[in-house]
Amino acid sequence: MTEKRVSASRVVGVPAPVLFEMLADPAQHPVIDGSGSVVASRGSAGRRLGLGDRFGMDMRIGLPYKILNTVVEFEEGTRIAWRHFFGHRWRWELRDLGDGRTEVTETFDWSTAKAGFLLVWVRFPGKNLHAIRATLDRLAERYPAGG
């Protein structure tokens, strides 16, 4: 695997600005998470993220744990990404199709990770791709694109 990122895209039936508001609110992340690991935001209810903002999440992969994330990419309405201490990123990119639908792409990018080889060794890229697809399925169920 030479590319150090995995991603998937889907068209959903919601305008990009509405979807971006959901992504920029950490309290909404458990609602759409397809991995089952995002439990709750910590002290972020109703908070809108911007570049450089930090936000905490309660997580669970086997055992519960807490993580602190930093927003490292931000383009209003079209792109947001965050990372935690290990350096890998979760990125969301939105392309408004102009008819009430949005193409949404979620990416797990470990090219910026401090020890990315460990992520490959424990098979996180494949697991995260599966979770990304499940998250996009949840979004598509919430916001059907129509026919």
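Since the model is a prediction, treat every value here as computed from it, not as a measurement.
Note that the CE atom of Met22 and the CD1 atom of Ile32 stand 6.0 Å from one another [nearest 0.5 Å]. Taken to the nearest 0.5 Å, the CG atom of Asp58 stands 11.5 Å off from the OG atom of Ser37. How far CD of Glu93 is from OG of Ser7: 8.0 Å, rounded to the nearest 0.5 Å. Rounding to the nearest 0.5 Å places CG of Leu19 at 7.0 Å from OH of Tyr143. Atoms CG and CD1, from Leu51 and Ile80 in turn, are 9.0 Å apart once rounded to the nearest 0.5 Å. Here CG of Leu94 is found 6.0 Å from CG of Leu23. Values are rounded to the nearest 0.5 Å.
Note on residues 131-142: pairs passing salt bridge (charged side-chain N to carboxylate O under 4.0 Å, His left out), not counting sequence neighbours, are Arg10-Asp137. Every pair passing ring pair (Phe, Tyr, Trp, His ring centres under 6.0 Å) that includes a residue from residues 11-34 is listed here, sequence neighbours excluded: Phe20-Phe74, His29-Phe55, His29-Trp82.
A pairwise comparison of heavy atoms in Ala40 and Pro30 identifies CA-CG, 3.7 Å as the closest pair. For Leu68 against His84, the heavy-atom pair with the smallest separation is O-CB, 3.1 Å. The shortest heavy-atom contact between His88 and Arg83 is O-CB, 3.1 Å. Closest approach of Asp96 to Pro17, counting heavy atoms only: OD2-CD, 3.6 Å. Across all non-hydrogen atoms, the minimal contact from Ser41 to Ala27 is OG-CA, 3.4 Å. Of all non-hydrogen atoms in Val6 and Ile132, the two that sit nearest each other are O-CD1, 3.8 Å.
In this structure the side chain of Leu97 reaches within 4.5 angstrom of the side chain of Val11, judged on heavy atoms. No side-chain heavy atom of Ser35 sits less than 4.5 Å from a side-chain heavy atom of Thr135. Looking at Val14 and Arg101, their side chains never come closer than 4.5 Å, going by heavy atoms from C-beta outward. Using a 4.5 Å heavy-atom cutoff, the side chains of Val104 and Trp92 are in contact. The shortest distance between side-chain heavy atoms of Glu75 and Thr78 falls below 4.5 Å. With a 4.5 Å cut-off on side-chain heavy atoms, Asn69 and Arg54 do not count as touching.
Salt-bridge annotation for Arg89 and Glu106: absent, with no side-chain N of the basic residue lying under 4.0 Å from a carboxylate O of the acidic one. A salt bridge links Arg5 with Asp109: at least one charged nitrogen is closer than 4.0 Å to a carboxylate oxygen.
By the rule that hydrophobic residues join a cluster once side-chain heavy atoms approach within less than 4.5 Å of another member, Ile67 and Val72 end up as members of separate clusters.
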**Asked** After noting the C-alpha distance and the side-chain angles of Met59 and Val39, does the key distance pass the side-chain contact (heavy atoms from CB on, under 4.5 Å) rule?
**Response** CA-CA 5 Å; Met59 307 290 291; Val39 177; 5.6 Å; no
**Message:** Using salt bridge (Lys or Arg N to Asp or Glu O under 4.0 Å), reason through Arg48 and Glu76 one step at a time and then give a plain yes or no.
**Reply:** CA-CA 11 Å; Arg48 189 168 193 291; Glu76 182 65 45; 2.5 Å; yes
**Message:** What verdict does the side-chain contact (heavy atoms from CB on, under 4.5 Å) test give for Arg79 and Arg91, after you've listed the backbone C-alpha separation in whole Å, the side-chain angles of each residue and the deciding distance to 0.1 Å?
**Reply:** CA-CA 7 Å; Arg79 180 185 186 103; Arg91 179 180 301 113; 3.3 Å; yes
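Shown here are the salt bridge (charged side-chain N to carboxylate O under 4.0 Å, His left out) partners of Asp33, two or more places apart in sequence or in another chain: there are none.
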